[in-house]
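Hydrogens, waters and symmetry mates are skipped; everything else that's a heavy atom, side chains included, is used. Predicted, not measured: the structure shown is a model, and the values here were computed from it. Along the sequence shown, residues carry numbers from 1.
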Amino acid sequence: MHTTTTTTLPSADQIERNKVTAMRHTEAMVDGNLAALDDILDPGWVNHPIDFHEGPGIDGFKAKSGWLHEHFAFRFDHQDVSIDGDKVWIRSLVSGTARGEFMGHDLAGTPVAFTTMECHRFEDGKIVESWRLQDHYAMPVQPGAIPNVMNRDLVPYQGWR
């Protein structure tokens, strides 16, 4: 017996709404508006991989986002946004300053920048799954929280090109 599955592609309006929602996701982190994540993320949302300071699900992501907002004043410069069906891809340069202690070091006022790549999959206007890659090495090296054992030129940070 042969069965076929039919995939319904999102409309142009839904694609634009998904793009706006994906950007609202990063804005909620920057603004510390964690309640907005309840409207953006599906209750069964899955994050791949789970980051440091993060537990599973929306509550784990809110805890990590709150921790980041407490320790860093940062912004996302979305350098590329691409949409493929139910997925929105965003490559961003994240920059800002440390607000105080990070990894046992007082780094208040120290500039930090790193690159991130995110892919969000949507169903019914909400993010149901996210994949994220970040330059986790650059973030602690720039302010001196860990030594630059790879001797990367990180000041000024150039990100992924």
Side-chain angles (χ1 to χ4, degrees), residues 7-8 10-11 13-143 145-146 157 159-160:
T7 302
T8 304
S11 68
D13 287 343
Q14 186 61 53
I15 288 171
E16 185 59 29
R17 284 193 300 273
N18 289 352
K19 177 182 171 183
V20 169
T21 299
M23 292 206 226
R24 282 183 54 223
H25 175 262
T26 56
E27 290 167 10
M29 291 173 43
V30 168
D31 298 340
N33 183 7
L34 305 181
L37 293 170
D38 294 328
D39 295 328
I40 295 167
L41 302 173
D42 181 83
W45 173 74
V46 177
N47 192 18
H48 309 280
I50 292 177
D51 239 338
F52 67 95
H53 287 280
E54 182 177 347
I58 295 173
D59 289 338
F61 188 73
K62 283 181 179 180
K64 180 198 81 170
S65 297
W67 181 89
L68 281 171
H69 187 72
E70 178 183 322
H71 287 82
F72 295 93
F74 59 95
R75 68 180 191 84
F76 282 73
D77 174 16
H78 301 303
Q79 297 179 330
D80 290 306
V81 179
S82 182
I83 301 164
D84 184 17
D86 63 350
K87 293 183 180 82
V88 177
W89 302 77
I90 303 174
R91 182 178 64 88
S92 303
L93 176 62
V94 183
S95 59
T97 55
R99 290 188 167 153
E101 186 274 331
F102 179 66
M103 297 179 69
H105 300 272
D106 181 12
L107 302 174
T110 304
V112 176
F114 61 96
T115 305
T116 184
M117 174 75 88
E118 301 176 18
C119 175
H120 302 290
R121 185 173 67 81
F122 284 80
E123 286 181 12
D124 300 322
K126 288 196 172 192
I127 299 172
V128 294
E129 202 166 9
S130 298
W131 294 265
R132 177 174 291 108
L133 295 171
Q134 293 171 247
D135 189 349
H136 282 293
Y137 180 73
M139 187 175 178
V141 166
Q142 291 169 68
I146 65 171
Y157 184 78
W160 300 329

Side-chain contact test, heavy atoms from C-beta onward, threshold under 4.5 Å: evaluate it for Trp67 versus Glu54 and give yes or no. no
Phe122 vs Ile127 side-chain heavy atoms within contact, under 4.5 Å: yes
Return the set of residues passing side chain to side chain donor-acceptor pair (under 3.5 Å) with Glu16 (not counting sequence neighbours), or none when no residue passes. none
Closest non-hydrogen contact found for Trp45 with Glu129 is CD1-N, 3.7 Å
Test side-chain contact (heavy atoms from CB on, under 4.5 Å), reference Trp131, set Glu118, His120, Arg121, output is Arg121
Sequence neighbours excluded, the answer for side chain to side chain contact (heavy atoms under 4.5 Å, CB included) partners of Asp38 is Ile58, Lys62
Ignoring hydrogens and geometry, is there a side-chain-to-backbone donor-acceptor pair from Gln142 to Ala113 under 3.5 Å? yes
Rounded to the nearest 0.5 Å, the CG atom of Asn33 sits from the CD atom of Glu27 at a distance of 10.0 Å
Scanning both residues in full, the closest heavy-atom pair of Ala145 with Leu107 reads CB-CD1, 4.2 Å
Nearest heavy-atom approach of Gly125 to Gln14 is CA-NE2, 3.5 Å
Student check: side-chain heavy atoms of Asp135 and Tyr157 closer than 4.5 Å: yes
Answer with yes or no whether the side chains of Thr26 and His78 bring together a donor and an acceptor at under 3.5 Å. yes
Taking Thr116 for its side chain and Leu133 for its backbone only, find out whether a donor-acceptor pair lies under 3.5 Å. yes
Just jot down the ring-ring contact (aromatic ring centres under 6.0 Å, His included) partners of His69, sequence neighbours excluded, or say none. none
Quick one: closest heavy-atom pair of Ala36 and Ala28, and the distance? CB-CB, 4.2 Å
Side chains of His25 and Ile90 in contact at under 4.5 Å (non-hydrogen atoms): no
Around atom CG of Asp84, are there more than 12 heavy atoms of other residues, nucleotides or ligands at under 6.0 Å? no
If you define the side chain from C-beta out and look only at heavy atoms, does anything of Phe76 sit under 4.5 Å from Val30? yes
Between Arg99 and Glu70, is any pair of side-chain heavy atoms under 4.5 Å apart? no
Do the charged groups of Lys126 and Asp42 touch, with an N to O distance under 4.0 Å? no
